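All values reported here derive from a predicted model rather than from experimental measurement. Here is how names work: the chains are called A, B, and so on, in the same order as the sequence lines, proteins then strands, and each is numbered from 1. All values below come from the heavy atoms of this structure, side chains included, with hydrogens, waters and symmetry mates left out.
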Amino acid sequence: MRTLSSELKAAVGKEVTVKGWLHKKRALGGLTFINIRDRKGLVQILIENKDEVEKLRGLQIGTVLEVKGTVIDEDRAPGGAELHEPELTILVSVKDEPPIEIDKPLSHKSDNLDTLFEYRAIGLRNLQEQTVFKVQAKVLESLRAYLIENDFTEMNTPKLLAEATEGGAEVFKLDYFGKTATLAQSAQFYKQMMVGVFERVFETNPTYRAEPSATTRHMSEYITIDVEMGFVTFEELLAFTSGLVNRVVEQVWDSYGDDLKKWNAQKPVLTPDFPRMSMAEVHELYGKAHNVDMSDEGDLTPDEEKWICQYAKKQLGSEAVFITDWSSTDKTFKFYHRKSAKNPTLADRSDLLFRGIEIATVPMRENNYDVLVQQMKDAGLDPAHEGFKYYLQAFKYGLPEHGGFGMGLERLTEKLIGLDNVKEATLFPRDINRLTP
RNA sequence: GGGCUCGUAGUGAAGUUGGCCCAUCACGCCUCCCUGUCACGGAGGAGAUCGCCGGUUCGAAUCCGGUCGGGCCCGCCA
């Protein structure tokens, strides 16, 4: 029977067997301490027998071990217990030393990220590094729970598509049995179609963009938390999204608050329902503060996103803020967005900014078939095109008022922890320069 | 796509107004000492043709040209 590091304290006095990786060795002469890493953490083992210490000669960190020993209650040991009089069995001997540290903080300087990714499989054995992805898994777990509690059906839609028709981003093209296929730039069409079936749907799957971007916030493959809900008003949608982010933050800090201290991560200050600021308001405030005229800008500049988040934190008491009142007459308007009933030159759209970056677009969709077809035509698209045919079916045969969002999982993880680059929050990042490991 | 910037042992850094440098420091590694470490401590040691190619020079990690590979910002985009 294998005992895990987390179960050690409860097994005081017993003889147990632990299995894991040699994580650290400290030889003090007659005393040698080693740490064994397993999926729950570390076990400290005190070795006094010289023959047992000799078994490790020539073996490096990463060696897979089985250790039988007696659990001793010991205040001086991490976790309050350790193994004594151990008998070591080498399961996998490792003679090559790891290329990067696994027991010291790794450099996350932008110049060194390449090294981090080059040795990703080893570097992540570092307990501090693991935290990033434990947090990310918790983000997914908690938002999934929140969505399921709210009657959402989880689904998976195809990522291999016949053609790019959504517009906007560049897409990847690949050979598909002689035809040209594209990789999905979003689940947009499918999640809307499924509103007509399940009312509330979500998925957390990869999204592909072929944009030649080289920034700290873009990748060519990333996970989108795609959520779509029917019979919802714009206000209800924004409130629901606020609730989801709040829930994620609470659960992440409940589970990993201690580990996050090592990253100097501060728990986000949030209001239950995030504040809203209009695009015009942001341009004006930023313009005044920087003595520039932003009124002609349709979108937010990266610097505005950073600035307005600091403003919202100080003035509105929230590190998350919705930017509303987007134009419906410039390129930021997509044909599937809904124009505002009160003012048709604006769209019922909002971007969710968090800690200086856009983490989600949260718009209402045009659900009237005739209006949607007209907006397609206005955008220079052909509603009769095969790429739109199946999408439009859903509307023709009845789709209620609906809206949703696409939230970037890695960006959310990055900002929760306070990392500087979205790639640090990605297990194996894909960007314009990197396709491996 | 545009601008800027970086490349020195396995890792992270110093040196970059040419010569004190066949290259310095820390971590890691090897040998030895050390009975409570937990970023253990101490002594010693190995490990780098300074990304690559060419040029200038008596002399190049350092200057110049080219080239390869990163990074940051902007644009695109989410």
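For A:Lys313, the NZ atom counts as loosely surrounded, since its 6.0 Å shell holds 12 or fewer non-hydrogen atoms of other residues, nucleotides or ligands.
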**Request:** Summarise how protein sits on nucleotides 23-36 of chain B as a single string, 5' to 3': B when a protein heavy atom is under 4.0 Å from the base, S for sugar-phosphate-only contact, - for no contact.
**Result:** ----BSSSSS-BBB
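In summary, A:Arg57 and A:Glu54 engage in a salt bridge, as defined by a charged side-chain N under 4.0 Å from a carboxylate O.
When Watson-Crick and G-U wobble pairs are counted only if both distances are under 3.5 Å, B:rG1 pairs with B:rC74. With a cut-off of 3.5 Å on both pairing distances, B:rU62 has no Watson-Crick or G-U wobble partner at all. The nucleotide B:rA39 finds no pairing partner, because no Watson-Crick or G-U wobble arrangement with both distances shorter than 3.5 Å includes it. Nucleotide B:rC27 forms a pair with B:rG10, judged by Watson-Crick or G-U wobble geometry with both contacts under 3.5 Å. The partner of B:rU49 cannot be assigned: no Watson-Crick or G-U wobble pair with both contacts below 3.5 Å exists in any strand.
Residue A:Thr216 is classed as a sugar-phosphate contact, given heavy-atom separations below 4.0 Å to backbone atoms only. Among the protein residues, A:Thr215 comes within range of the nucleic acid bases, having at least one heavy atom under 4.0 Å from a base atom. Across all strands shown, A:Ser110 has heavy atoms under 4.0 Å from sugar-phosphate atoms exclusively, and none from any base.
Look at A:Arg26 and you'll find a side-chain N or O under 4.0 angstrom from OP1 or OP2 of B:rC40. For B:rG12, the OP1/OP2 oxygens have a side-chain nitrogen or oxygen of A:Thr115 closer than 4.0 Å. For A:Asn112, no side-chain nitrogen or oxygen approaches OP1 or OP2 of B:rG7 to under 4.0 Å.
The separation between A:His218 atom NE2 and B:rG75 atom C1' is 10 Å, rounded to whole Å. The CG-P distance, from A:Asp299 to B:rC76, rounds to 8 Å in whole Å. The separation between A:Lys109 atom NZ and B:rA14 atom C1' is 12 Å, rounded to whole Å. The CG-P distance, from A:Asp75 to B:rU37, rounds to 13 Å in whole Å. As rounded to whole Å, 15 Å separates atom C1' of B:rC40 from atom NE2 of A:His23. The separation between A:Asp351 atom CG and B:rC77 atom C1' is 12 Å, rounded to whole Å. Between the P atom of B:rC77 and the CZ atom of A:Arg209 lies a distance of 10 Å, rounded to the nearest Å. The distance between atom CZ of A:Phe117 and atom C1' of B:rU11, rounded to the nearest whole Å, is 16 Å.
A distance of about 32 Å separates the C1' atoms of B:rC73 and B:rG10, rounded to the whole Å. When the C1' atom is compared between B:rU49 and B:rA23, the two are found 12 Å apart, to the nearest whole Å. Annotation: B:rA26 and B:rC20 have their C1' atoms spaced 23 Å apart (nearest Å). Rounded to the nearest Å, the gap between the C1' atom of B:rC72 and that of B:rC63 is 26 Å. As rounded to the nearest Å, B:rC58 and B:rG1 have P atoms that lie 43 Å from one another. Spacing between B:rA13 and B:rC76 at atom P, rounded to whole Å, works out to 33 Å. Nucleotides B:rU62 and B:rU24 are separated by 15 Å at their C1' atoms, to the nearest Å. The C1' atoms of B:rA14 and B:rG55 are separated by 28 Å, rounded to the nearest whole Å.
Looking at residues two or more places apart in sequence or on another chain, you find a side chain to side chain donor-acceptor pair (under 3.5 Å) between A:Tyr208 and A:Glu221. Legend: residues meeting salt bridge (charged side-chain N to carboxylate O under 4.0 Å, His left out) with A:Asp258, ordered by chain and number and at least two apart, are A:Lys261.
Here the side chains of A:Ser340 and A:Phe234 are not in contact, with every heavy-atom distance at 4.5 Å or above.
Under the side-chain hydrogen bond (donor to acceptor under 3.5 Å, both in side chains) rule, A:Glu203 has a single partner from A:Thr224, A:Asn156, A:Thr153, A:Thr157, which is A:Thr157. Here the rule is side-chain hydrogen bond (donor to acceptor under 3.5 Å, both in side chains) with A:Arg338, and of A:Glu366, A:Gln375, A:Glu401 only A:Glu401 fits it.
Within residues 404-437 of chain A, the residues approached by RNA chain B to less than 4.0 Å at the level of any non-hydrogen atom are A:Arg411, A:Asn421, A:Asn433, in residue-number order.
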Distance-only donor-acceptor hits, side chain of residues 10-32 of chain A, under 3.5 Å, sequence neighbours excluded:
none

**Asked** Would A:His84 and A:Glu48 count as a side chain to side chain donor-acceptor pair (under 3.5 Å) if you check the C-alpha gap in whole Å, the side-chain angles of each, and the deciding distance to 0.1 Å?
**Response** CA-CA 8 Å; A:His84 284 205; A:Glu48 293 176 284; 5.3 Å; no
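Residue whose closest nucleotide on RNA chain B sits further toward the 5' end, between A:Asp114 and A:Tyr119: A:Tyr119.
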Distances under 3.5 Å between nitrogen or oxygen atoms of protein and nucleotides 2-6 of chain B:
none

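With hydrogens and angles disregarded, no donor-acceptor distance shorter than 3.5 Å links the side chain of A:Thr329 to the backbone of A:Thr345. Using modelled atom types, one side-chain atom of A:Glu319 and one backbone atom of A:Val269 make a donor-acceptor pair closer than 3.5 Å.
Taking the six-membered ring where the residue is Trp, A:Phe335 and A:Phe388 present perpendicular rings, their angle passing 60° and hence far from 30°. The aromatic rings of A:His290 and A:Trp307 lie perpendicular to each other, with more than 60° between the two planes, well past the 30° mark. By the 30° and 60° cut-offs, the orientation of the rings of A:Trp263 relative to A:His108 is perpendicular.
Side-chain proximity of A:Pro99 to the nucleotides B:rG10, B:rC77, B:rG70 is greatest for B:rG10.
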